[in-house]
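Notes follow the structure.
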Amino acid sequence: MGDGEPSAGAPWAPRVGVDGRKFPGAARGGCHDTLVRARAAGFDGVFFRTVLDMSPTLDAGELREIREHADDLGMYVEAGLGKVNPFATPEAPELRAAGGGDILLGFRRMMEAAARIGCVELWAATTNYQVGYPGRFVWDRFRTDVSWSEQLAATRRFLERLRPIALDLGVHVNLETHEEITSFELVELVETVGPDVLGIVFDTANPLQRLEHPRFTTDRVAPYVRQTQLKDCALTPVEGGYRFELTSCGDGVVDFEYVLSTLARTAPGVNLTIENEESRDDFPGPVPVTVLPIRDPEFVASHSDLTVPEFAEFTALIYEQRARAVPPSHFGHDEAMDAVLRSRDHIRRLTESRPMAVSA
């Protein structure tokens, strides 16, 4: 899992990088500029969300130049694919275009292009977050034209079609703990299709939108984690439920000491990539407001795997954080840069001040 696999029993010294799509200023500069500025800001690598972000045409020369530039800077590069739920892919026409109209071929070409530059851990996710819709309709698990179980079944079938390609290329397709899918469902997908070709991208905040407690989620996904997107969040009681709002790592409810000490044992080669909240200067569209509508029976019923003890621990988080001052989550450029640097410092402080031994 990544370069520089540590030896058994050695102190854990993971590399800390940043999301290449949301790093402040990334929307206005190219990949080379993002690498330079991320290096100057003290990051060890960049996680470009998809290989198409690196080269929309999958140009081999362009991708090789980005890889070589990262190598010259001493930085890791990670990349990804896109949405693997066939009901969501129409919202990403670039996936079909990559295959000249053939989505499966498009994924093959993306996987081949990434593998050629040594990116063999590849991010994927199931659906998009639907900004602006009310209540539960921001999450595609609540679509009324197709059930969530049907979406999961279609996703599994598509992943099974990617399986021989992944085996042939020696890559892993890693599914994010995204907003709409539970960690229970992710683990089932990985175990069904096969952990030899599937893994998990552990986004540490998203599962709270599925009413999961961060420590419980960590225990479930840890054996399969191959990439990370570290972020934190606050949960605030509001009319109709709990407001979910992103914060810098360490300012919210995620217990990163527990997360990191677990990953040191189960995924010691993993890179720690911070997914910061985007700058409003870079993404000036509407600010999403997420409320977990816990009084909505359909919302609650969709989490049938969740146990009473875990939900009790989840609700306790909300009252434990009330005394904490949580900064706003939507910033201009300077505020966004300050926030991502605070996240970087918090993650590094935990790994450096509390040495975590890699298990044998």
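Salt bridge status for R96 with D102: absent, with no side-chain N to carboxylate O gap under 4.0 Å. With salt bridges taken as basic N to acidic carboxylate O contacts below 4.0 Å, none links R215 and D219. A salt bridge is absent between R21 and D19; no separation between the charged side-chain nitrogens and carboxylate oxygens falls under 4.0 Å. Under a 4.0 Å N-O distance rule, the pair R39/D44 qualifies as a salt bridge. Residues E185 and R141 are paired through a salt bridge, judged by an N-O separation under 4.0 Å between the basic side chain and the carboxylate. A salt bridge does not link E91 with K83: every distance from a Lys NZ or Arg NE/NH1/NH2 to an Asp or Glu carboxylate oxygen is 4.0 Å or more.
Looking at D232, its side chain does come within 3.5 Å of a backbone N or O of V253 through a donor-acceptor pair. Listed for the R243 side chain is no donor-acceptor partner under 3.5 Å among the backbone atoms of T236.
Other residues, nucleotides and ligands contribute over 12 non-hydrogen atoms within 6.0 Å of the CD atom of E160.
Between F23 and F43, the ring planes lie perpendicular to each other; the angle is over 60°, past the 30° to 60° tilted range. Ring-plane geometry between Y242 and F314 is classed as tilted, the angle between the planes lying from 30 to 60 degrees on a 0 to 90 degree scale.
When each of E179, H178, Q209 is checked for a side chain to side chain donor-acceptor pair (under 3.5 Å) with W139, only Q209 meets the rule. Partner of F202 under the side chain to side chain contact (heavy atoms under 4.5 Å, CB included) criterion, chosen from L272, N174, T217, T262: T217. With I181 as the partner, the side chain to side chain contact (heavy atoms under 4.5 Å, CB included) test is satisfied by one option alone out of L189, L175, D140, N206: L189. If you run side chain to side chain contact (heavy atoms under 4.5 Å, CB included) between V51 and each of R116, E112, M110, only M110 comes through.
Both V193 and L169 are part of a single hydrophobic cluster, where members link through side-chain heavy atoms under 4.5 Å apart. A chain of hydrophobic side-chain contacts below 4.5 Å, direct or via other Ile, Leu, Val, Met, Phe, Trp or Tyr residues, connects V18 to L35.
With no hydrogens or angles considered, a side-chain donor-acceptor pair links E191 and Y224 at under 3.5 Å. Between S183 and E212, the side chains place a donor N or O and an acceptor N or O closer than 3.5 Å (distance only, hydrogens not considered). Side-chain contact check for S248 and R342: at least one donor-acceptor pair (N or O, by modelled atom type) lies under 3.5 Å. Between the side chains of T127 and E180, at least one donor N or O sits under 3.5 Å from an acceptor N or O.
Taking the ring centre of W123 as origin, the terminal cationic atom of R49 falls inside the region bounded by 6.0 Å and 45° from the ring axis. Remark: R220 qualifies as a cation-pi partner of F184 under the 6.0 Å distance and 45° angle criteria applied to the six-membered ring.
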(request) Go through V16 and T351 one step at a time and tell me if the side-chain contact (heavy atoms from CB on, under 4.5 Å) criterion holds. (result) CA-CA 10 Å; V16 180; T351 59; 5.6 Å; no
